[in-house]
There are 2 protein chains.
Amino acid sequence: MVEKDTRRRTIHDVAQAAGVSISTASNALNGTGRTNAETRERVIRVAKEIGFRPNALARGLLSKRSHAIGMLTNDTYGRLTLPMAAGVSEVLVDHGLSVFLCATNNDPRLARLHLEALLDRQVDGIIFTATRLDLEPPAELAKLAIPVVYAFAEGPPETISFFPDDAQGARLAVEHLKGLGRSRILHITGPEDYLSVRIRAEAYCESFGKGAEVHYGDWSEEWGHEAIDAVFSRPGEKPDAIFCGNDEIARGVIDALRDIGITVPKDVAVVGFDNWEVISRQTRPPLTTVDMELKEIGRRAGLAILRLTQGEAVPTGITRLSCRLVVRQSCGGQAG
Amino acid sequence: MVEKDTRRRTIHDVAQAAGVSISTASNALNGTGRTNAETRERVIRVAKEIGFRPNALARGLLSKRSHAIGMLTNDTYGRLTLPMAAGVSEVLVDHGLSVFLCATNNDPRLARLHLEALLDRQVDGIIFTATRLDLEPPAELAKLAIPVVYAFAEGPPETISFFPDDAQGARLAVEHLKGLGRSRILHITGPEDYLSVRIRAEAYCESFGKGAEVHYGDWSEEWGHEAIDAVFSRPGEKPDAIFCGNDEIARGVIDALRDIGITVPKDVAVVGFDNWEVISRQTRPPLTTVDMELKEIGRRAGLAILRLTQGEAVPTGITRLSCRLVVRQSCGGQAG
DNA sequence: GGAATCTGATAAAACCTTTTATCATCACGA
DNA sequence: TCGTGATGATAAAAGGTTTTATCAGATTCC
């Protein structure tokens, strides 16, 4: 009985089958050196026939480029990190780069463990992402010899970071509401110690002007309820629009309004933030909300790493990427 | 001005600094061969001093084990895949294995591209996960020379698959409701062409017995509303409990019940499926639901790959892992 | 004292690929 | 005929690590 050889084919096998030396095979396959057109064709044909694929480890060992990057994330695979990872991967896969995903779960020990593993693997670069903008990235990162890009996280000076443009997103929401004729717009949002919360609140105040009113709380539906109950039970003029810090709060707001007999969007228009579809599509009415374009942030971060690994320069500093307003039915206007 | 040497330290540097040969250094560091205790200590100390870490590429090239695995997933980083990825990573990181995450986005071209990249990188194994149990995994997978494990997906015969135990999960829900004295339990669930939907429905019917009633629909809150409206507007006896196919449906059901003046859990108890916390924690009252323990599925899949790469045998076939009932307030009972 | 055994260290091969330098062959011009 | 250049192929080195086989020296035993 003949044993089938299950070994992977190497360039040695190609050379032997094509009747040339290893170096000639390599030159032919990579288009380097000087090779006769006929031999080159033959080598390529033979390589395809026997199913040769170069060993990335050997290649990386020599070139000192592993064609892999690491993605280090702060959180346990939350909803922010993953769309970004999709964007990163999307940009890189066609350039032959693969992505190691490392969840540090906010544990410094785990972060160091993963970081060391990545360096041992000679990754070409690292993308660091966080769930909160104002969370400090591990200091070791800044000292590495390989490129590092921060996405949804801010690195030290002279590094490269990508963020959603929170201020522009907030303005988008407020301008939309103003454009629909709303004049008493409230802002109900998350905890004030989040940087993004402060930026959005500030942009809201500037854009809306006199009469702006911000209610800080937490990221829950519960809080949306509470805030509405408080606002509508006090005397005086009532708001005709609510700009919410995220979609969960918006959902609570909408439910609370319905409970006290106020119609959305006729009496009060509501805008959310995040476009977390499981929530925003399922509210009644479906929620108009600000999408942070996380996938695009991932794409840009991936592109930056790609350029850096190719030795090109990428401008340092923070790049803020535009948010997009997703119009559904919670504001009235064209969609009714 | 002296240039700082930014090169990574190699075992050659260690050997030189310790005044021994490369082989001795290797033996000392790995505890192989015969080494004098004193020399061994010295080598280890020197290695630590100059910050030596072995190059994983070189190591992998020789040992033919890259100490990395690939995770191939069907969906665009959905909520099912990611808890599993966390579980996988959690098990493997302490064994020095890293994880390549590849999202195929249901595109066969992309799947092949990623698969080839993984093989070129000499990964030690592959975990395939899908968003739907009855989706066919790519056929190439079965022919690979490296171990493959399926998580939340079924491989061909003689392969290794891990699933949540849908039947047990459904029984858990029904028994819980029965134990609380509920006697007219309805099942409102997703599309009948999902295998898991059929399994859960069947288990519900068996466990509940005579009078079982299944309503198939889609995975939306909308559908939960509709179903409740239909059931409660028809004549005859009304249910006192609803077992829902997922948390979104359950949320729709709870909202619909409130709208028609029926109190949860006093008049009708509700159980969900998935324990998708953004929903299950935020319903009013918070939802009692079945958790599929996705992270545990990931852990088991990771463990299986680990064993296989170490040459140990792992029993083939489908392993169904128990679901867990998360008791909140939507059923009454001890939690009120 | 000489053979046998043991100890500790090392040289060299191997893993697979790319690249540099070398070599052989042939054509061509002087 | 000899040198010059160009062409096409190849041997060898390099990358960093592990492993096998070898070697020198010390120890033990008769």
Side-chain angles (χ1 to χ4, degrees), chain A residues 5-44 46-47 50-68 96 117 119-124 145, chain B residues 5-44 46-47 50-68 96 117 119-124 145:
Chain A
D5 188 359
T6 179
R7 239 183 55 257
R8 266 184 84 102
R9 304 293 153 186
T10 74
I11 199 167
H12 180 264
D13 299 323
V14 176
Q16 191 168 25
V20 296
S21 74
I22 291 186
S23 359
T24 306
S26 175
N27 279 330
L29 291 172
N30 298 312
T32 55
R34 286 183 301 234
T35 341
N36 182 300
E38 192 205 341
T39 3
R40 182 166 50 243
E41 269 177 39
R42 179 159 39 92
V43 169
I44 291 176
V46 166
I50 68 175
F52 165 73
R53 311 215 80 228
N55 182 325
L57 261 41
R59 196 177 248 186
L61 177 58
L62 194 54
S63 68
K64 294 176 180 304
R65 298 212 26 210
S66 63
H67 290 276
L119 295 177
D120 291 351
R121 298 201 137 79
Q122 319 280 115
V123 290
D124 299 339
Chain B
D5 189 357
T6 179
R7 236 181 60 256
R8 263 182 87 100
R9 304 295 151 185
T10 75
I11 197 168
H12 180 265
D13 299 323
V14 176
Q16 193 166 25
V20 296
S21 74
I22 291 185
S23 0
T24 304
S26 174
N27 280 330
L29 291 171
N30 298 312
T32 56
R34 289 184 299 237
T35 343
N36 183 299
E38 191 206 343
T39 13
R40 181 164 54 242
E41 267 178 40
R42 178 159 39 97
V43 169
I44 292 176
V46 165
I50 68 176
F52 166 73
R53 309 216 84 227
N55 181 325
L57 262 41
R59 193 178 250 184
L61 178 57
L62 192 55
S63 67
K64 294 176 181 302
R65 298 211 28 208
S66 63
H67 291 274
L119 295 177
D120 292 351
R121 296 199 140 80
Q122 320 283 111
V123 290
D124 298 340

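Both backbone and side-chain heavy atoms feed into the values below; hydrogens, waters and symmetry mates do not.
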How close or far is atom [atom2] of [N] from atom [atom1] of [X], stated in whole angstroms?
| X | N | atom1 | atom2 | answer |
| --- | --- | --- | --- | --- |
| A:E41 | D:dA9 | CD | P | 13 Å |
| A:D120 | D:dT18 | CG | P | 12 Å |
| B:L62 | C:dA12 | CG | C1' | 13 Å |
| B:E38 | C:dA9 | CD | C1' | 14 Å |
| A:L57 | C:dT17 | CG | P | 11 Å |
| A:N36 | D:dT7 | CG | P | 12 Å |
| B:H67 | D:dT17 | NE2 | P | 14 Å |
| A:I11 | D:dA11 | CD1 | C1' | 15 Å |

Which of the following nucleotides, [options], is nearest to the side chain of [X]?
| X | options | value |
| --- | --- | --- |
| A:N27 | D:dT17, D:dT10, C:dG8 | D:dT10 |
| B:T39 | C:dA9, D:dA9, C:dC15 | C:dA9 |
| A:S23 | D:dT10, C:dT18, D:dT19 | D:dT10 |
| A:T10 | D:dT17, C:dT17, D:dA9 | C:dT17 |
| B:L61 | C:dT7, C:dT10, C:dC15 | C:dC15 |

Measuring from atom CZ of A:R40 to atom OG1 of A:T24, what distance do you get when rounded to the nearest 0.5 angstrom?
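OG1 of A:T24 is found 12.0 Å from CZ of A:R40.
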Measure the CG-NE2 distance between A:D120 and B:H67 for me, rounded to the nearest 0.5 Å.
11.5 Å
May I ask you to say whether B:D13 pairs ionically with B:R7, meaning some side-chain N is under 4.0 Å from a carboxylate O?
yes
Under 4.0 Å, counting only non-hydrogen atoms across every strand here, what does [X] touch: a base, just sugar-phosphate, or nothing?
| X | answer |
| --- | --- |
| A:T35 | sugar-phosphate |
| A:I22 | base |
| B:S63 | nothing |

Do side-chain atoms of B:R8 reach the backbone of A:L119 as a donor and acceptor pair under 3.5 angstrom?
yes
Please determine if a side-chain N or O atom of [X] lies less than 4.0 Å away from the OP1 or OP2 oxygen of [N].
| X | N | answer |
| --- | --- | --- |
| B:R59 | D:dT18 | yes |
| B:K64 | C:dC16 | yes |
| A:S26 | C:dT18 | yes |
| B:N30 | D:dT18 | yes |
| B:T32 | D:dT18 | no |

Contact nearer the 5' end of DNA chain D, comparing B:N55 with B:G33
B:N55
Are B:I44 and B:L29 close enough that some pair of their side-chain heavy atoms sits under 4.5 Å apart?
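Touching, per the 4.5 Å side-chain cut-off.
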Would you say A:Q122 and A:L57 make side-chain contact, with heavy atoms under 4.5 Å?
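When only atoms from C-beta onward are counted, A:L57 and A:Q122 do not touch, as no gap falls below 4.5 Å.
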Given DNA chain C, 5'-ward residue of the pair B:R42 and A:T24, judged by closest heavy atom
B:R42
Would you say the side chain of B:S21 and the base of C:dA9 hold a donor-acceptor pair, judged only by whether the two atoms sit under 3.5 Å apart?
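No, no donor-acceptor pair under 3.5 Å.
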